[in-house]
2 protein chains.
Amino acid sequence: MTDAHKVERWIGRFPLIQSLAPAHLQLARGTVQFPVLEAGAVAYELDGACAHYLMCLEGRTRIFRMSEGGREVLIYKVGPGGTCALTTQCLLSGGTFPAQSVAEERTELAALPESTFQHLMGDSAAFRSLVMDDYTRLMSGLFTLIDEVAFAPLKQRLAQRLLAEADPRGVAAVTHQTLADDVGSVREVVSRILAQWAEAGLIELRRGAVEIVDRSSLAAAGRR
Amino acid sequence: MTDAHKVERWIGRFPLIQSLAPAHLQLARGTVQFPVLEAGAVAYELDGACAHYLMCLEGRTRIFRMSEGGREVLIYKVGPGGTCALTTQCLLSGGTFPAQSVAEERTELAALPESTFQHLMGDSAAFRSLVMDDYTRLMSGLFTLIDEVAFAPLKQRLAQRLLAEADPRGVAAVTHQTLADDVGSVREVVSRILAQWAEAGLIELRRGAVEIVDRSSLAAAGRR
DNA sequence: GGACTTGTGTGACCTGGGTCACCGACCGGG
DNA sequence: CCCGGTCGGTGACCCAGGTCACACAAGTCC
């Protein structure tokens with residue numbers, strides 16, 4: 001695929017880019033790059049430096065925090081059309097990444113170099129609002145995350161994760177292990193809870209996937 | 001105290017305000033207000049709307065999240081010279097408060113009306129950096145909060161809270177109950193842990209206060 | 001100096017969920 | 001068809017921390 005095509009696709013995914021003033025659009029088009037991550041590649045590490053504002057074209061990355069003990073909490077996942085708001089945090093604060101990220105599958109990105117980013121943030125109200133929009137969204141996501149982690153019992157978080165992971169037909173292609181990682185627990189415990197739910201007819205278990213039979217009961221399963 | 005005095009004091013607390021362009025400074029001085037909260041007053045509630053950018057001149061407010069079960073997690077406390085970064089979140093996102101806040105003592109604020117805030121954010125790079133600075137700080141605070149809540153055992157969080165609350169002489173004027181609230185636990189448990197530490201000579205217990213005897217051991221007490 | 005209100009100490013008990021140690025089932029490749 | 005890796009299931013056990021139910025000590029207000 002030629003670079004021109006890539007640029008078009010990028011703009012297709014992020015239509016707001018269009019609304020930049022001509023000079024700004026020019027700058028963006030001129031400096032954008034298109035890195036690709038293979039499945040399993042780390043996009044960035046904890047405390048790494050950050051040189052680009054990243055936007056996701058294709059694929060999916062998982063952003064999470066890890067404890068010394070090796071357990072994890074999922075912060076969020078970015079799919080096509082999403083930006084990695086942590087790069088924003090990084091670029092705005094001048095600091096390093098507060099979390100780590102790995103690609104779950106082959107992932108194509110659009111990357112604006114820091115200089116372009118800073119320039120546009122200073123000059124372009126449109127660009128600012130584009131960036132800040134995602135950034136404030138991240139912030140509110142963190143708040144809900146906080147009280148889930150602080151207050152919600154494991155079952156509840158697990159139920160939500162499962163629902164979030166399910167495709168339209170209700171199939172979530174995940175292993176117990178990855179679920180456990182996402183909710184910050186361990187496989188055995190997750191398996192047990194899933195077994196209960198399967199018992200109750202809320203879900204059906206396959207190898208490498210969970211099929212949700214009764215979405216609404218599952219959603220209710222966590223609470224109380 | 002006259003308004004002119006108040007304005008001077010405000011600028012004294014937030015020297016960066018000085019660096020605004022004359023026209024912007026003019027606008028800020030012309031529209032700033034100085035509300036006062038009595039001890040125990042709620043500064044804002046969960047999901048409340050937000051009409052002002054708030055900066056703290058004197059006093060202290062506690063910002064926290066509450067679960068249905070009535071337990072709390074402390075997000076942060078704002079003292080003199082601090083801004084309430086949640087108002088930023090609110091004003092930038094156009095949404096409502098993601099948490100609640102109450103004044104711990106009589107608190108004097110400086111408040112910029114939303115229109116002024118938006119105007120300055122749009123026009124003044126200096127103001128933007130002033131605001132974004134605190135905002136990104138909040139964000140990174142949330143990250144550390146997340147993995148404390150997710151991974152750190154209660155003891156560790158308690159130890160930190162105690163150290164954070166202590167005055168230079170090592171005296172923290174808090175009740176077991178307020179400590180428990182801050183770390184999202186209950187009184188009995190906190191009392192027990194404190195009793196252990198007192199036993200070990202790390203702290204000394206008084207009514208309504210805890211005196212830290214051995215700061216460094218206390219800091220280490222949480223880990224492992 | 002009662003009588004109430006706040007802060008604290010303590011024991012008995014319960015439970016969510018993490019740990020350990022397996023085993024068995026499925027799956028893909030030589 | 002066998003063999004090693006990835007998934008999933010299960011039981012025994014343990015422990016931090018929350019719940020309940022008090023008892024008591026310090027201030028405080030009349």
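This one's a predicted model, so the numbers in the text were calculated from it and none came from an experiment. All chains are named by letter (A, B, ...) in the order of the sequence lines, taking the proteins before the strands, and each is independently numbered beginning at 1.
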Worksheet item: Atom CD of B:E204 and atom P of C:dG9: how far apart are they, to the nearest Å?
Response: 13 Å
Worksheet entry | Interatomic distance where CG belongs to A:L158 and P belongs to C:dG16 [whole Å] | 15 Å
Discussion item. For D:dG9 and A:H176 - does any side-chain N or O of the residue sit under 4.0 Å from the phosphate oxygens OP1/OP2?
Written reply: yes
Worksheet entry | Side chain of B:T175 (C-beta onward), nearest among D:dG17, C:dT8, C:dT19 | C:dT8
Worksheet item: Can a donor-acceptor pair be found between the side chains of A:T116 and A:T31 at a distance below 3.5 Å?
Response: yes
Worksheet item: Do A:E114 and A:Y53 get their side chains close enough for a donor-acceptor pair, meaning under 3.5 Å?
Response: no
Response to the item:
Between CG of B:L154 and P of C:dG17 the distance, given in whole Å, is 16 Å
Discussion item. Does atom CD (A:E45) have a neighbourhood of more than 12 heavy atoms from anything else shown, all under 6.0 Å?
Written reply: no
Fill in: Polar side-chain contact A:R192-C:dT19 base: donor and acceptor under 3.5 Å
yes
Practice prompt. May I have the distance from B:R187 (atom CZ) to D:dG18 (atom P), rounded to whole angstrom?
Written response: 13 Å
Discussion item. What is the separation between atom NZ on B:K155 and atom P on D:dA16, rounded to the nearest whole Å?
Written reply: 7 Å
Worksheet item: Please give, in whole Å, the distance from C:dT8 P to B:Q196 CD?
Response: 17 Å
Fill in: B:R207 (side chain) and C:dT6 (base): donor-acceptor pair under 3.5 Å
yes
Worksheet item: So what does A:L194 hit on the nucleic acid, given a heavy-atom distance under 4.0 Å: a base, only sugar-phosphate, or nothing?
Response: nothing
Worksheet item: How long is the line joining CD of A:E188 and P of D:dT6, in whole Å?
Response: 17 Å
Worksheet item: Does the base of C:dG7 carry an N or O that pairs as donor and acceptor with the side chain of B:R206 under 3.5 Å?
Response: no
Worksheet item: B:L205 CG to C:dG7 C1': how many Å, rounded?
Response: 12 Å
Discussion item. If you take the centroid of each ring, where Trp contributes its six-membered ring, are B:F64 and B:Y76 closer together than 6.0 Å?
Written reply: no
Worksheet item: Tell me, do B:M55 and B:R13 make a side-chain contact under 4.5 Å, heavy atoms counted?
Response: no
Discussion item. For C:dG7 and B:S191 - does any side-chain N or O of the residue sit under 4.0 Å from the phosphate oxygens OP1/OP2?
Written reply: no
